[in-house]
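For clarity, every value in this text was computed on a predicted model and none was experimentally measured.
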Amino acid sequence: EHEIAPNKTEIYTPASYQIFNLKKEEYQKQLSEAEEKVKEGVESCSDQELWTSSILYYQKGELSEALRFLEIIVSRKQAQPMVYYNIGQIASKLNMRQVAQNGFTEYIKRNPQSWWAKNAQERLSRL
């Protein structure tokens, strides 16, 4: 499916962070760096560091933490559209229906003419 389109049930992950593009050592290195930054305090993390951490923590299986990082980005009022898409995907996996609906709806408002918006609309109809 990755050859044709991204996985419809997963978060948006830039190519450089997709598991099949990372060697195990590189993933562990990036994850360790992200964990270290988070330990120092999420308040001092940039939006990009939180975005990266959300992806790595998601891949690690820590969905609640990944969602928390994305919500911090949103609270700073400068979130990119894909942040909302990922919030929708993660919240739906955590059975947080209202949060998922809000994430997908906000994504569709910000980027209505994309493959991702079509997928978000399909996900919304299933919630």
Side-chain angles (χ1 to χ4, degrees):
E1 183 176 30
H2 281 284
E3 293 177 25
I4 299 168
N7 187 327
K8 291 182 176 186
T9 62
E10 295 298 327
I11 64 170
Y12 166 77
T13 303
S16 59
Y17 294 106
Q18 291 178 358
I19 293 294
F20 56 84
N21 281 338
L22 284 175
K23 292 181 181 176
K24 184 177 180 181
E25 301 79 29
E26 181 61 26
Y27 170 76
Q28 288 299 333
K29 179 183 176 225
Q30 289 183 10
L31 180 60
S32 294
E33 290 171 1
E35 289 173 333
E36 196 60 39
K37 280 302 257 181
V38 169
K39 283 181 189 175
E40 292 173 12
V42 291
E43 310 80 31
S44 64
C45 291
S46 70
D47 289 354
Q48 183 60 44
E49 290 167 334
L50 289 170
W51 170 252
T52 301
S53 294
S54 74
I55 292 167
L56 296 170
Y57 273 68
Y58 176 86
Q59 292 169 336
K60 183 180 169 184
E62 293 188 25
L63 305 185
S64 296
E65 281 296 290
L67 182 60
R68 183 173 75 95
F69 300 146
L70 295 173
E71 289 175 334
I72 292 168
I73 295 171
V74 168
S75 73
R76 294 177 178 174
K77 309 284 188 221
Q78 299 196 24
Q80 299 298 317
M82 294 314 289
V83 169
Y84 293 101
Y85 181 85
N86 283 4
I87 286 173
Q89 288 287 20
I90 294 170
S92 66
K93 289 177 184 276
L94 292 170
N95 294 318
M96 300 171 70
R97 187 178 171 152
Q98 189 61 50
V99 174
Q101 288 174 336
N102 293 345
F104 286 134
T105 300
E106 189 62 32
Y107 177 79
I108 292 167
K109 284 184 202 174
R110 291 171 179 253
N111 195 9
Q113 300 297 321
S114 70
W115 177 90
W116 299 98
K118 182 180 179 211
N119 187 49
Q121 189 62 51
E122 289 175 14
R123 300 283 294 163
L124 268 173
S125 68
R126 292 185 192 143
L127 289 173

Once you round to the nearest 0.5 Å, how far does CG of Asn86 lie from CE of Met82? 6.0 Å

Reported CG-to-OG1 distance for the pair Leu124 and Thr105, which is rounded to 0.5 angstrom: 4.5 Å

Test applied, ring-ring contact (aromatic ring centres under 6.0 Å, His included); reference residue, Tyr12; option that passes from Trp116, Tyr17, Tyr85, Trp115: Trp116

Answer yes when Arg76 and Glu71 have at least one side-chain N-carboxylate O distance shorter than 4.0 Å, and no when they do not. no

Residues forming a salt bridge (charged side-chain N to carboxylate O under 4.0 Å, His left out) with Glu65, sequence neighbours excluded: Arg68

For the CD atom of Gln59 and the OG atom of Ser54, what is their distance to the nearest 0.5 Å? 9.5 Å

Could you give the side-chain donor-acceptor pairs of residues 28-43 under 3.5 Å, partners two or more places apart or in another chain?
unit_1, atom_1, unit_2, atom_2, d
Gln30, NE2, Glu26, OE2, 2.9
Ser32, OG, Gln28, O, 3.0
Glu35, OE2, Lys60, NZ, 2.5

Criterion side-chain contact (heavy atoms from CB on, under 4.5 Å) on Lys93 and Glu10, from CA distance to verdict: CA-CA 9 Å; Lys93 289 177 184 276; Glu10 295 298 327; 3.3 Å; yes

Please report the interatomic distance CD(Glu122) to CZ(Arg126), rounded to the nearest 0.5 Å. 5.5 Å

Heavy atoms, side chains only, cut-off 4.5 Å: are Val74 and Leu70 in contact? no

Do you see a donor-acceptor pair shorter than 3.5 Å between the side chains of Ser92 and Arg97? no

Given 3.5 Å as the limit, does a donor-acceptor pair link the side chain of Glu49 with the main chain of Ser46, or not? yes

Here the ring pair (Phe, Tyr, Trp, His ring centres under 6.0 Å) pairs for residues 26-67, sequence neighbours left out, are Tyr57-Phe69

Could you go through the side-chain contact (heavy atoms from CB on, under 4.5 Å) check for Gln80 and Asp47 one step at a time? CA-CA 10 Å; Gln80 299 298 317; Asp47 289 354; over 6 Å; no

Taking every non-hydrogen atom, the tightest pair across Ala117 and Asn111: CB-O, 3.2 Å

About how many Å separate CD1 of Ile87 and CD1 of Ile11, when rounded to the nearest 0.5 Å? 11.5 Å

In short, Tyr107 meets Pro81 closest at the heavy-atom pair CD1-O, 3.0 Å

Distance in Å, Leu22 CG paired with Ser16 OG, rounded so as to fall on 0.5 Å steps: 7.5 Å

Got Gln89 and Lys8 here, is their nearest side-chain heavy-atom distance under 4.5 Å? no

Quick one: does Met96's side chain get under 4.5 Å of Ile90's, heavy atoms only? no

Closest non-hydrogen atoms of Gly88 and Ala100, given as atom of the first, atom of the second and distance, are O-CB, 3.5 Å

Go through the structure and list residues passing ring pair (Phe, Tyr, Trp, His ring centres under 6.0 Å) with Tyr84, not counting sequence neighbours. none

By side-chain contact (heavy atoms from CB on, under 4.5 Å), Ser75 pairs with (sequence neighbours left out) Ile72

Is a side-chain donor or acceptor of Gln18 paired with a backbone partner of Thr13 at a separation under 3.5 angstrom? yes

Results of side-chain contact (heavy atoms from CB on, under 4.5 Å) for Gln98 - residues two or more places apart only: Gln101, Asn102

